K.L.:
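I have a structure here, written as structure tokens, and I will follow up with some questions on it.
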Number of protein chains: 2
Amino acid sequence: MEQRSYQALKAIKKEAGKSNSVYMTTVRFGQVLGFSQQSASRLLIELEEKGYIRRKLENRKQVIEITDSGLEVLYGELNELSRILSQDMRVVIEGEVKSGLGEGRYYVSRKGYIVQFQEKLGFIPYLGTLNVKVDPLYEGNLRRMRSSEGIRIEGFKTEDRTFGAVKAFRARIGGEDCAVILPERSVYTDTIEVISKEYLRGKLGLKDGSRVRVTVDLS
Amino acid sequence: MEQRSYQALKAIKKEAGKSNSVYMTTVRFGQVLGFSQQSASRLLIELEEKGYIRRKLENRKQVIEITDSGLEVLYGELNELSRILSQDMRVVIEGEVKSGLGEGRYYVSRKGYIVQFQEKLGFIPYLGTLNVKVDPLYEGNLRRMRSSEGIRIEGFKTEDRTFGAVKAFRARIGGEDCAVILPERSVYTDTIEVISKEYLRGKLGLKDGSRVRVTVDLS
DNA sequence: ATTACTAAGCAACGAGTAG
DNA sequence: TCTACTCGTTGCTTAGTAA
């Protein structure tokens with residue numbers, strides 16, 4: 001990540017707190033970063049062009065909002081620094097089991113994915129996914145996941161269509177080994193898909209609305 | 001923390017891994033940072049002047065070693081970023097109980113400290129400290145503590161001498177509330193001092209060599 | 001080979017100011 | 001007030017080169 005953006009985003013997030021958006025003048029932004037108003041203004045324009053922030057200019061005042069992709073920069077840095085400093089790279093995510101529309105089953109049944117699951121994760125998954133709607137409290141940890149590389153599962157083509165690359169993370173749920181699957185290119189939903197050798201709903205006695213805790217390994 | 005040093009130290013630590021020192025030419029250092037050999041050289045000189053690294057120039061080659069104060073920059077950034085991103089600011093430290101030389105008892109008995117413990121931590125400590133020699137595995141977490149602000153306990157003067165400022169962290173040990181005390185200015189020993197309302201050795205049945213786990217709150 | 005000095009080029013910064 | 005443009009200046013970066 002290039003450095004200027006990281007510093008600027010960090011300062012904005014610091015001011016914004018949990019909400020991800022904050023009213024801030026260019027003068028104040030400059031003060032926070034130790035820059036002049038002019039440089040602060042230029043920097044904000046750059047951040048906006050890069051898609052890291054959005055601004056609403058309301059009667060000449062501005063509300064700065066960090067975008068998902070801006071947050072990805074911050075969580076990415078956190079991941080990198082944590083790894084360099086040998087911190088624990090496990091992250092807990094809690095949420096509620098919910099029903100998907102069967103696409104999960106469709107995707108994990110594709111042979112192109114299955115062979116890679118076997119090869120890279122060491123198991124052939126039960127042909128279906130457990131959908132977990134992540135509790136808002138764990139949003140940050142979900143973002144850490146999305147900002148991580150994970151284990152790359154290559155995309156492939158069939159006669160009909162192409163299947164995109166996804167990334168997998170080794171994880172544990174209710175004492176069972178599993179993996180969490182995300183699209184390679186970040187999609188900012190609050191739902192994750194868990195695969196496992198076992199039929200998790202059966203094995204763990206889960207039904208829609210059950211609360212689960214998934215411990216994900218980012219390393 | 002100023003930015004150039006942070007980036008550079010991060011790159012060095014990444015190369016060095018757990019050992020904190022690495023053989024690296026200025027050309028390679030430049031490549032890693034996306035700079036020329038010349039800039040890399042200048043940067044290393046700056047880092048050395050600031051005391052963040054040490055270099056041994058052996059027959060024109062150099063081994064770069066990150067100093068404690070260099071690591072403090074990195075762990076400080078980790079703390080700051082973690083706080084901004086609302087990460088869990090608790091850190092676990094394990095180690096062995098060992099005997100001090102009684103200085104702990106002497107210090108915590110000073111009235112100037114005691115009134116502040118009561119005021120800022122909410123308890124008057126048992127007049128002695130539990131010394132814990134931190135397991136090397138938890139060195140990183142100890143560094144995170146030292147790089148944190150903590151709860152400031154002001155220094156003071158008596159007729160005889162001056163007592164320096166220290167910082168305290170709320171913590172838990174064996175189900176008991178406690179606090180970990182560090183000198184305000186970092187001293188890089190592997191031993192921490194735990195204070196508590198209770199006589200911990202008695203209450204938890206500890207003796208020299210007992211393994212303990214302390215959960216420290218950095219926030 | 002290596003590090004690091006010097007000089008020149010260039011990007012980033014802030015003062016002034018318009019809208 | 002506010003943001004953001006222009007432009008002169010500062011200071012960082014690199015090429016060249018010494019040791």
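Side chains are part of it too, since the values below use all heavy atoms of this structure and drop only hydrogens, waters and symmetry mates. Here is the naming used below: chain letters follow the sequence lines, and residue numbers restart at 1 for every chain. All figures in this text were calculated on a predicted structure; none of them were measured in a lab.
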K.L.:
Let me know the distance between CD of A/Q3 and P of D/dC12, rounded to the nearest Å.
P.N.:
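Atom-to-atom, A/Q3 to D/dC12, this comes out as 16 Å.
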
K.L.:
More than 12 non-hydrogen atoms from neighbouring residues, nucleotides or ligands closer than 6.0 Å to NZ on B/K14, yes or no?
P.N.:
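No.
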
K.L.:
Quick one: B/Q31 CD to C/dT2 P, roughly how many Å, whole number?
P.N.:
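Distance, rounded to whole Å: 11 Å.
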
K.L.:
Please state how far atom CG in B/L47 lies from atom P in C/dT3, giving the value in whole angstrom units.
P.N.:
14 Å

K.L.:
What's the CD1-P distance between A/I45 and C/dC13, to the nearest Å?
P.N.:
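Rounding to the nearest Å, CD1 of A/I45 and P of C/dC13 are 13 Å apart.
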
K.L.:
Any heavy-atom pair between the side chains of B/L81 and A/K10 that's under 4.5 Å?
P.N.:
yes

K.L.:
So does A/R213 have more than 12 non-hydrogen atoms from other groups sitting under 6.0 Å from CZ?
P.N.:
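Counting other residues, nucleotides and ligands, CZ of A/R213 stays at 12 neighbours or fewer.
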
K.L.:
Counting only heavy atoms not in A/K120, do more than 12 sit closer than 6.0 Å to its NZ atom?
P.N.:
yes

K.L.:
Only one of B/N141, B/L142, B/T191 forms a side chain to side chain contact (heavy atoms under 4.5 Å, CB included) with B/V134, so which one is it?
P.N.:
B/L142

K.L.:
Output yes when at least one side-chain N/O atom of A/R55 is less than 4.0 Å from OP1 or OP2 of D/dC2, else no.
P.N.:
no

K.L.:
Output the single nucleotide from C/dT3, D/dT13, C/dG14 whose closest atom is nearest the side chain of B/L57.
P.N.:
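Among the listed nucleotides, the one closest to the side chain of B/L57 is C/dT3.
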
K.L.:
So if I take every side-chain heavy atom of B/F35 and compare against C/dT3, D/dT13, C/dA15, which nucleotide ends up nearest?
P.N.:
D/dT13

K.L.:
Expressed as a whole number of angstroms, how long is the span from B/L43:CG to C/dC5:P?
P.N.:
14 Å

K.L.:
Please check the phosphate of D/dT3 (OP1 and OP2 only) for any side-chain N or O of A/T26 closer than 4.0 Å.
P.N.:
yes

K.L.:
Counting any heavy atom closer than 4.0 Å, what does B/Q37 reach on the DNA or RNA strands: base, sugar-phosphate only, or nothing?
P.N.:
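Here B/Q37 touches the bases of the nucleic acid.
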
K.L.:
Of the candidate nucleotides D/dT14, C/dT3, D/dT3, which contains the atom at the shortest distance from the side chain of B/R42?
P.N.:
D/dT14

K.L.:
As a test of reading the structure: which of D/dA4, C/dC5, D/dT13 is closest to the side chain of B/S39, going by heavy atoms?
P.N.:
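So the nucleotide nearest the side chain must be D/dT13.
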
K.L.:
Less than 4.0 angstrom between a side-chain N/O of A/R4 and OP1 or OP2 of C/dC13, yes or no?
P.N.:
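So the side-chain polar atoms of A/R4 do come within 4.0 Å of the phosphate oxygens OP1 or OP2 of C/dC13, strictly under.
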
K.L.:
Whole angstrom is fine here: how far is it from OH in A/Y23 over to P in D/dT3?
P.N.:
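Computing the A/Y23:OH to D/dT3:P distance gives 7 Å.
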
K.L.:
Would you indicate what A/L44 reaches in the nucleic acid, counting non-hydrogen atoms under 4.0 angstrom: base, sugar-phosphate, or nothing?
P.N.:
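A/L44: no heavy atom of the nucleic acid under 4.0 Å.
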
K.L.:
Separation of B/Q38 atom CD from C/dT3 atom C1', in whole Å?
P.N.:
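For the pair B/Q38 CD and C/dT3 C1', the rounded distance is 10 Å.
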
K.L.:
Output the single nucleotide from C/dA4, D/dT3, C/dG14 whose closest atom is nearest the side chain of A/Q62.
P.N.:
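From the listed options, D/dT3 comes nearest.
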
K.L.:
Pick base, sugar-phosphate or nothing for A/T25, based on heavy-atom distances below 4.0 Å to the nucleic acid.
P.N.:
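Result for A/T25 = sugar-phosphate.
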
K.L.:
Rounded to the Å, how far apart are A/E46 CD and D/dC5 P?
P.N.:
11 Å

K.L.:
Looking at every strand, decide which applies to A/R28 at a 4.0 Å heavy-atom threshold: base, sugar-phosphate, or nothing.
P.N.:
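Since no nucleic acid heavy atom lies under 4.0 Å of A/R28, the category is nothing.
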
